[in-house]
Amino acid sequence: MSAAIDYPDTRIGGSETKGSQLDALNQWVLQVAQLTEPAAIHWCDGSDSEYAALLETMQADGSLLPLNTDTHPNSWLHRSDPDDVARVEHLTFVCTSDRDDAGPNNHWMAPAEAHAKIDALFAGCMRGRTMYVIPYCMGPIDSPLARCGVEITDSPYVVANMRIMTRMGAAALARIEREGAFVKGLHSIGELDPERRFIMHFPEELTIKSYGSGYGGNALLGKKCHALRIASYQARQEGWLAEHMLIVGIENPQGETHYIAAAFPSACGKTNLAMLIPPESYREAGWKVWTVGDDICWMRPGADGRLYAINPEAGFFGVAPGTSARSNPNALASIQRDTIFTNVATTADNQPWWEGLDERTPVKDWRGRDHDPAKGPAAHPNSRFTVSARQCPSYSPHAEDPQGVPISAIVFGGRRASLVPLVFEARDWTHGVLVGASMGSETTAAATGAVGVMRRDPMAMKPFCGYNFADYFAHWLSFDKPGANLPKIFHVNWFRKGDDGKFLWPGFGDNLRVLEWMIGRVKGEAEAVDTPIGALPRAADLNLENVSLSPEAREKLFGFDRDGWRAEFEGIAAYLGEFGGRMAPTLPAEQKRIATTLQ
Ligand code: GDP
Ligand code: PGA
Ligand code: MN
Ligand code: MN
């Protein structure tokens, strides 16, 4: 463990850093220490001994509870404050100097006002606490696509999670020293008071300030705040894309691997698709699935015009409920050891448990109370596991390739109980961007607020785009240029329901049948029928061997409801209209073209 440097001696690297790239970092750490007044400062080196000491500290203060060491070695339960269990979109701000740069898709505050407001909360907030300085790298440490940041936090739980989710410590610090540039993130759990909570982003200053929440999406600043909100802003300036997408490799029996990137809103199936286990007949035939990433994708055009993608993260922060040996055996295998669980329930023998895991009955709920089904689910619906990606049996041998993996198809999708068929293919890039821009999905427990309400969530980036969506759509359109060799774009819906309210598509492993069709389309081998909304497979165009679908399921999964889509396209026109004159004419023109063919 690197010696903790006592406040006010904040310096890393000794006096020789004067004038070096680390000088700016040292200055900032000193400024933050003067504002927050911690009792001690600890520079994180990312070592095993440091991690062990952190776990010990948290076990001693009760913020981590050990789980059954026979079944779950080195695994821990963290129970959060009951009012701090999800992202808080209404308290999340993008603070650009010009309000229009943040766009109607973001809450906005003027930078000076935002700094003043949140700095007042930070003043003295770390008294008696240790301030941790976490240098981290998003992406493989030797990748030209990777970017570094430094998070300052007073939460050991955040440090432990950042160590799993990012490349944290000495190697990241060395890269910062070489490059100079890094994203500054300041975080404090504060009083965990929902009335004194803000997640502020200053993209023009490459700065994040987060106060009053310890929840992953609000507090692990490398993830949503840096790798999506700040990175999307940088990506536009630098000609790449930072997206809320999983990355998965599909290897066919001939040994060819196609990589697919898919954007689904939070709790809509990214982690599951990224770790998919093929149906038995596919496994026997030799199909394999390789996990590259489950939540975030950074991609940019390579010399051959194709998009190359990296996963900026090093771990998974996955939704626990619904994870089982049937739905996601790879996730389940990953979390048998060295895992931090947040807000799950426990069994009598102190194993972690959540709804959908198995038939056992838990004894303690996520708040540590005796479980009483009358009080709601035992595990919080947004309870999570944090685990290193390297523990996943399907982790791709190419997941850490510095140049990334080439993307053959981009997939958009959401939860749509009605109207939207199982899968369709966009006609071309412009149509595909419209399909992404007009995505809708029913809200989930990953953010506070009502669940199950249909809202527009373009490219699954509604909560995460660090700038005006009108500019974002234009940025997407700009990739279609001479020399580009872009992926095909598709839309899927695993969540179509029948009249009885049940899902019509079996989902999970069987989703490979849909991915196989997409790859067939990419290779020019699979059939489809043209409709105004894009190319739809007939049931016969998919391999549905061993899948039993009712006539209602076939009709709704593979059918095209012209009247329903006409109404949907009116909604899309209204949505695009919300961006006013900032919206380039291409997408509204594409909307109009399709709306006309729907008449
Ligand atoms: P993520 O938050 O986007 O990574 O979503 P997850 O993969 O963690 O899944 C969120 C929830 O959706 C879990 O309860 C899953 O069991 C469920 N889910 C995932 N894929 C499917 C699917 O193909 N069909 C159905 N019906 N549910 C799914
Ligand atoms: P998810 O990630 O997309 O896996 O749910 C966390 C989040 O988006 O809050
Ligand atoms: Mn996410
Ligand atoms: Mn996930």
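Along the sequence shown, residues carry numbers from 1. For ligands, and for the atoms within them, numbers begin at 1 and follow the listed sequence. Hydrogens, waters and symmetry mates play no part in the numbers below; they use all other heavy atoms, side chains included.
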### Message
Taking the basic N atoms (NZ, or NE/NH1/NH2) and the acidic carboxylate oxygens, is any pair closer than 4.0 Å for Glu89 and Arg87?
### Response
yes
### Task
Check ligand 2 against Phe464 and write out every atom of the ligand that is under 4.0 Å from a heavy-atom position of the residue.
8 (O)
### Message
Tell me whether Arg197 is salt-bridged to Glu191, with the criterion being a basic N under 4.0 Å from an acidic carboxylate O.
### Response
no
### Query
Do NZ/NE/NH1/NH2 and the carboxylate oxygens of Glu313 and Lys223 come within less than 4.0 Å?
yes
### Summary
Atom name of the N, O or S atom of His244 nearest to the Mn ion (ligand 3) is NE2
## Note on the structure
So for Met245 against ligand 2, with non-hydrogen atoms under 4.0 Å, the contacting part is neither
#### Entry: N, O or S atom of Lys224 closer to the Mn ion (ligand 3) than 2.8 Å
yes
### Query
Can we say Asp294 and Lys270 salt-bridge, meaning some charged N sits less than 4.0 Å from an Asp/Glu carboxylate O?
no
### Query
Among all protein non-hydrogen atoms, which one is nearest to atom 8 (O) of ligand 2, and what is the separation to 0.1 Å?
Ser266 OG, 2.4 Å
### Query
Is the shortest distance from a Lys or Arg side-chain nitrogen in Asp358 or Arg360 to a carboxylate oxygen in the other one below 4.0 Å?
yes
### Query
Can a cation-pi geometry be assigned to Arg163 and Tyr51, taking NZ or CZ under 6.0 Å from the six-membered ring centre and within 45° of the ring axis?
yes
#### Entry: the Mn ion (ligand 4) reached by Thr271 (N, O or S, under 2.8 Å)
yes
### Query
Which atoms of ligand 2 sit under 4.0 Å from any heavy atom of Ala267?
5 (O)
### Query
Closest non-hydrogen protein atom to atom 9 (O) of ligand 2, residue and atom name please, with distance?
Arg87 NE, 2.6 Å
### Query
Is Glu238 salt-bridged to Arg147, going by a charged N under 4.0 Å from an acidic O?
yes
### Query
Of all N/O/S atoms in Asp295, which lies nearest to the Mn ion (ligand 3)?
OD1
### Task
Name the closest protein heavy atom to atom 5 (O) of ligand 2, giving the residue it belongs to and the distance to 0.1 Å.
Arg384 NH2, 2.9 Å
### Query
In terms of residue, atom name and distance, what is the protein heavy atom nearest to atom 3 (O) of ligand 2?
Lys270 NZ, 2.7 Å
### Task
Would you check the N or O atoms of Lys223, main chain and side chain alike, for any that come under 3.5 Å of an N or O of ligand 2?
no
### Task
Tell me which part of Phe316 gets within contact of ligand 2: side chain, backbone, both or neither, using heavy atoms under 4.0 Å.
neither
#### Entry: Validation row: Ile410, Met245 side chains within 4.5 angstrom (heavy atoms)
yes
### Query
Tyr308 ring centre to Arg300 NZ or CZ under 6.0 Å, with the angle to the axis within 45°?
no
